[in-house]
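Contents: one structure, followed by commentary.
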There are 2 protein chains.
Amino acid sequence: MAKQRNNSINIKSVAQLAGVSISTVSRVINSPESVSEELRERVRKAIEELGYRPNQIARSLRTGSTKVVGFIIPDITNPAFLLMVKGAEDYLKRKGYMFIVCGTDHNIEEETKLLKTLLSQSVEGIIVTCSGGRNSSFAKTIQDSGVKLVFMDRRYEDIDLPYVGVDNTAGMEKITDLLVQTGHRSFVYLSGERNTSSAKERLRGFMKSMKKHGVKDYQVLYGRFTFESGYELTKKLKKIPEAVVGGNDLVALGAIEALNEMGYHVPDDVSVVGFDDMFYSKYSKPGLTTVRQPIYEMGYIAGKVLWQLLSGKNVRKRVTILQTDIVLRETVKERNASDRRLTEKVEVVS
Amino acid sequence: MAKQRNNSINIKSVAQLAGVSISTVSRVINSPESVSEELRERVRKAIEELGYRPNQIARSLRTGSTKVVGFIIPDITNPAFLLMVKGAEDYLKRKGYMFIVCGTDHNIEEETKLLKTLLSQSVEGIIVTCSGGRNSSFAKTIQDSGVKLVFMDRRYEDIDLPYVGVDNTAGMEKITDLLVQTGHRSFVYLSGERNTSSAKERLRGFMKSMKKHGVKDYQVLYGRFTFESGYELTKKLKKIPEAVVGGNDLVALGAIEALNEMGYHVPDDVSVVGFDDMFYSKYSKPGLTTVRQPIYEMGYIAGKVLWQLLSGKNVRKRVTILQTDIVLRETVKERNASDRRLTEKVEVVS
DNA sequence: TTGTACGCGTTATCAA
DNA sequence: TTGATAACGCGTACAA
C-alpha cells in the first residue's frame, strides 16, 4: 500500500492559491529577486497560509544534490568519535548540510555495507573513521561511486584520499621522552588492538623514543583499548617497570587500578601515562598525565576539507596532521639513581 | 551548476544491458517471485555487472516512504543519549531504516528548527529526547506535520504522544530510602537544571522519601548536571550532612571531590549517591553507589514503539516506564545512633 | 517577468 | 509473465 500523502500541500497548491504558475513559486523560493514584488508577496502569503515546505526529496532528485553528508565511525557510543563528528557538523551545518551518522561496531564488513547504504541514500560526501587497518572492498566501492570522501583520525593507508589526523607518533614519542628525561629506566607499553593506523603510529612513537635514548629495558604487550585490558595485562606482569605507558587513557587507568591492588603506589612506585585525555582522566585519582588530541578541531577541519571537495575546489593539502599536547597531572614522578627501592622490591615479588 | 550525474547506472541501463524493460528490473528488485527465472537471472547478472544500486531518492519520491528516521537529542556528545540512540537504531535497522541524529546543544530554539529540517527531509518518524521542560512551538510543528513521533527519556508533558522513559521518581526514592534505612539523618540534594521532566521526577522521588520517613533535616540545591556544579555546590555547604544525594553521577562525583578537599572522607564521614551509573562510576574511587537505568533498552523500546506507529498499528501503551536498579558500591556506609562524631565536627566547622 | 513543458529515477497501473 | 506509461514534486530551459 502506497503511503498516503499526509501533506497535499505541494508547490502546486501554493501556485493555485496564489494564482500563479508553479515556476513562479519555485522562483520565489530559489531566486526571489527574479520575481516581481507583487507576485512575490502573493506567493509568500500563500506559502505562509498553507505552511508549505519544499519537499527535499523531490528537490534532491531534480538537482542531484541532497545536502546530506554521512559519517562512518567505529562506535557511535564513544564520546571521542562523537566530538569529532560534532566538529565536522559544526562546520558543515553552516553550509546547509544534514548528517547521517553510522556506527560499525568495529566491524569491517559492516563498514562496507554502510558505505553502500549511504551511497544509495545519495549522500554527497562521507567522512570516515576506519574500523580496521585494511578493508579492500571499501576502496573498490568508493572508486566505483566517485563520492567525495575524507578520512578522519584513522585511514586506510592504501587509499589515496584526503586525511585529517593527529600526530600520534610524535605525541607518544613526546610523552615517552618525558618519562626518560624524568629518570625512568624500565618500561612497559600496553597497546590495544594493533590493527588501526592510530594504534600503530602510537607504538611507533614509543619505539622511537626507546631507540633514541638507547633504552633496552622495555616490553610491549597487546590487548584491547579498554580499562579491563589494561588491568589484566598489568596483573600478569612478571616484573613491574618504573613506567607504564598506556596506548590510551582507558588502558592506563586499568593499569593504575591493577597496580594499586598489587600494592604499588602511583606515582611513587610506578609512573603511568595515557593517551587521549578523555573526559574522565582529569577527575581520576591521581589525575592522569596524558596526551591531549585536538579532537573537535580534527573534526572541524575534516568538515572543512570535505566541503572544499564538495564545492569542487582543489584541496591543497591531502593530508592534515594536527599536533598534540602533553597534559601534566599526577601520575608521573621524577626518579633518580638512588631511588632503587622499587627495583629490589620487584626482585622479591617476581 | 547542476551537479553532474556521477552515476549513469540507473534502472534504465540495467534494463538495456539485460535486454528487458525497466519494469522487469524493478520487479526483480521488489518482487522477484513475479519474474520468470530466466529473466530474473539475466537482470541479476546485469545488476551485478554494472554495480547498480537503486536510487533511494527517486524511490522515496515515488513511494512516499524514505525509510529514514530522525533523532533529536540534547547533546550528541553525551554517551548516555547515544546509547539510547543505539538501542533504537538496533531495533529499527532490522526494519530497513536509516538514521539522522541531531543535537540541539540543550538549546530549545534549535530543537524546533531541527524538527522542521527533519520534516522537510521527509523523515518518516522522529524520536525526541527533550532539551527543555517546555517548548510550545514544538507541539504546533508536530501537529501540523503529522509525523510519527516518540519521546524518549524526557518528554513535554503537555504533548500527548507516546513516551518511553524511566521511573526516575521511584529510582530516586528507592536509593534515598536506602540511605534512611542505613541510619542517615541529614541530607543534601544536589539537583541540576530544574527544567527537564527527568530532573523534576528525581527530585520528587527524593522528597517522597523524606516525607515518608518524616525526615526534616534536608536541603535542596540547584546547579547544573556537571561535575563542577556538584563540586561548587558542595564547597558552599554551611553544614555537612550525613548523606549527599546527587541528581546524577557527575554531580555526585563532583561532591565527593569537594568533600575530600574539605577533609571529609567518603563514606566514613559522609555517604554520597548518584543517579545514572555512567560509564566511569564503577571505576571511581571509592566506587559510586548509584541508580542504574536501562538506557539501551529504553532506546530499543522507543524504536519498537516508533515502528508500531510507522506500520500503522495501534500502540497499546502510550507510556512505557522502565524500572531502575540500585548499584551498591562503596560510597554509602551504615550509620548508627552512637556515631555522632560527625555531627559534632560539623558544628565546629560551621 | 512569467508560464509551459520536460525530466530526474523510480514504482504502480494497466494492457497485452 | 512482461512492457509501455503515468505519476511522485520539483527545477529550469525555453518560449511568450
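Values below: every heavy atom of this structure, side chains too, minus hydrogens, waters and symmetry copies. Chain letters run A, B, ... following the sequence lines, proteins first, then strands; residues in each count from 1.
A donor-acceptor contact under 3.5 Å is not formed by the side chain of B:Arg62 with the base of C:dA12. Counting distance only, with no hydrogens placed and no angle test, the side-chain atoms of B:Ser23 and the base atoms of D:dA4 include a donor-acceptor pair under 3.5 Å. Put simply, the side chain of A:Arg27 and the base of C:dG3 share a donor and an acceptor less than 3.5 Å apart.
One atom, CD1 of B:Ile11, and another, C1' of C:dA12, lie 12 Å apart when rounded to the nearest Å. Between A:Glu38 atom CD and C:dT2 atom C1' the separation is 12 Å, expressed in whole Å. Between the CD atom of B:Gln16 and the C1' atom of C:dG9 there is a distance of 14 Å, rounded to whole Å. One interatomic measurement links the two molecules: CD of A:Gln56 to C1' of D:dC8, which rounds to 15 Å at whole-angstrom precision. Summarising the geometry, the separation between CD1 on B:Ile47 and P on C:dT10 is reported as 10 Å, rounded to the nearest angstrom. Residue A:Asn55 contributes atom CG, which lies 9 Å from atom P of D:dG11 at whole-angstrom precision. For the pair B:Arg42 CZ and D:dT1 P, the computed distance is 16 Å after rounding to whole Å. In this structure, NZ of B:Lys12 is placed 7 Å from P of C:dC8, rounded to the nearest angstrom.
Residues A:Arg53 and B:Val35 both approach DNA chain D. Their nearest nucleotides, taken by heavy-atom distance, put B:Val35 toward the 5′ side. Position along DNA chain D of the nearest nucleotide to B:Ile22 versus B:Leu61 favours B:Ile22 as the more 5'-ward residue.
Contacts of A:Leu39 with the nucleic acid, taken as non-hydrogen atoms under 4.0 Å apart, involve only primed sugar atoms and P, OP1 or OP2. At the heavy-atom level, B:Thr24 lies under 4.0 Å from the strands shown only through sugar-phosphate atoms.
B:Ile100 has its side chain out of reach of A:Phe99: every pair of non-hydrogen atoms, C-beta onward, lies at least 4.5 Å apart.
Remark: B:Ser26 is in phosphate contact with C:dT11, judged by side-chain N or O atoms under 4.0 Å from OP1 or OP2. Between B:Arg59 and C:dT11, a side-chain N or O to OP1/OP2 separation shorter than 4.0 Å is present. Taking side-chain N and O atoms only, B:Ser36 has a distance below 4.0 Å to OP1 or OP2 of D:dT2. OP1 or OP2 of D:dG11 lies within a sub-4.0 Å distance of a side-chain N or O belonging to A:Asn30. Contact annotation: A:Asn10 reaches the phosphate of D:dG9 (side-chain N/O to OP1 or OP2, under 4.0 Å). Distances shown here put every side-chain N or O of A:Thr63 at or beyond 4.0 Å from the OP1 or OP2 atom of D:dC10.
B:Ser311 places no side-chain N or O within 3.5 Å of a backbone atom of B:Lys313 that could act as its donor or acceptor partner.
No more than 12 heavy atoms of other residues, nucleotides or ligands sit less than 6.0 Å from atom NZ of A:Lys113. Under a cut-off of 6.0 angstrom, the local environment of NZ in B:Lys116 is sparse, with at most 12 non-hydrogen atoms contributed by other residues, nucleotides or ligands.
Between A:Lys86 and B:Asp105 there is a salt bridge, since a side-chain N of the basic residue sits under 4.0 Å from a carboxylate O of the acidic one. Taking 4.0 Å as the cut-off between side-chain N and carboxylate O, B:Glu41 and B:Lys45 do not count as a salt-bridged pair.
Among the nucleotides C:dT10, D:dC10, D:dA4, the one closest to the side chain of B:Ser21 is D:dA4.
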